[in-house]
Amino acid sequence: MKERTLAILKPDCLEKKVQGKVIQLIIDAGFAIKGMRLLQLSEDSAKKFYAIHKDRPFYGELVAYMTSGPVVPLCLEKENAVADFRKLIGATNPANADEGTIRKMYADSIERNIVHGSDSPENAKNEIAHFFNDSDLV
Ligand code: IDP
Ligand code: MG
């Protein structure tokens, strides 16, 4: 059964100008792009998106990083999309990410790690709704 997940190409991905390469890797891994936007996150929107981390020590820096430049949210679809996308991006800390993963290839640090991926189907639904109306998705 097809499933959807939310990806975000983070500000460092666009700063490094590797968004095209990362999108190609996503397409080559079999994900269909159902929605794609280019936007600047407001502080309020970033805080809301990462509210689950509000008590973590890195929350303030995370919000500052995610609002430091434009981002590209993507709604992706394939079978087992949530788990398979997490596999494609690799561990949060690129130092621990497997060879061939997007974070291993492009990320600099545990914070500046190029890409977001939803961690459960339920969170994916909420995260997709953060950026997309149903009518925006193809
Ligand atoms: P995930 O993106 O792999 O799901 P989470 O634990 O959900 O990782 O953390 C959300 C984001 O917060 C990470 O992608 C990263 O940008 C940042 N982050 C996570 N842990 C740390 C940390 O220990 N220091 C600084 N930033 C962190
Ligand atoms: Mg997470």
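Atoms within a ligand are numbered from 1 in the order they appear, just like the ligands themselves.
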Chemist: Look at atom 22 (C) of ligand 1 and say which protein heavy atom is nearest, naming residue and atom and giving the distance to 0.1 Å.
Modeler: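 Minimum-distance protein heavy atom for atom 22 (C) of ligand 1 reads F58 CD2, 3.5 Å.
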Chemist: If you draw the axis of the six-membered ring of F31, does the NZ or CZ of K78 fall within 45° of it and under 6.0 Å from the ring centre?
Modeler: yes
Chemist: Counting non-hydrogen protein atoms only, what is the nearest one to atom 17 (C) of ligand 1? Give residue, atom name and distance.
Modeler: L62 CD1, 3.8 Å
Chemist: May I ask you to check whether R103 has an N/O atom sitting below 3.5 Å from an N/O atom of ligand 1?
Modeler: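 For ligand 1, there is an N or O atom that lies under 3.5 Å from one belonging to R103.
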Chemist: Determine whether the side chains of D12 and Y106 contain a donor N or O and an acceptor N or O closer than 3.5 Å.
Modeler: no
Chemist: With under 30° as parallel and over 60° as perpendicular, where do the rings of F49 and H130 fit, or are they tilted in between?
Modeler: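 Perpendicular.
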Chemist: When you measure from atom 16 (O) of ligand 1 to every protein heavy atom, which one gives the shortest distance, and what is it?
Modeler: E111 O, 2.8 Å
Chemist: To the nearest 0.5 Å, what is the distance between CD (Q19) and NZ (K10)?
Modeler: 15.5 Å
Chemist: What do we get for K10 next to ligand 1 when only non-hydrogen atoms under 4.0 Å count, side chain, backbone, both or neither?
Modeler: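 The answer is the side chain of K10.
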Chemist: Nearest non-hydrogen atom to atom 24 (N) of ligand 1 belongs to which of I8, I110, T92?
Modeler: I110
Chemist: Which protein non-hydrogen atom lies closest to atom 10 (C) of ligand 1, naming both residue and atom, and how far is it?
Modeler: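 Its nearest protein heavy-atom neighbour is H53 NE2, 3.5 Å.
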Chemist: Is D136 salt-bridged to R37, cutoff N-O under 4.0 Å?
Modeler: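 No salt bridge links D136 with R37.
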Chemist: Report yes if some heavy atom in the side chain of V115 is under 4.5 Å from a heavy atom in the side chain of R103; otherwise report no.
Modeler: yes
Chemist: Within a distance under 4.0 Å of any heavy atom of R86, pick out the atoms of ligand 1 and give their elements.
Modeler: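 Every atom of ligand 1 under 4.0 Å from some heavy atom of R86: 1 (P), 3 (O), 4 (O).
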Chemist: Do the side chain of N93 and the main chain of A95 share a donor and acceptor less than 3.5 angstrom apart?
Modeler: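 Yes; at least one donor-acceptor contact below 3.5 Å.
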Chemist: In ligand 1, which numbered atoms sit nearer than 4.0 Å to a non-hydrogen atom of N113?
Modeler: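 Near N113, the atoms of ligand 1 are 13 (C), 14 (O), 15 (C), 16 (O).
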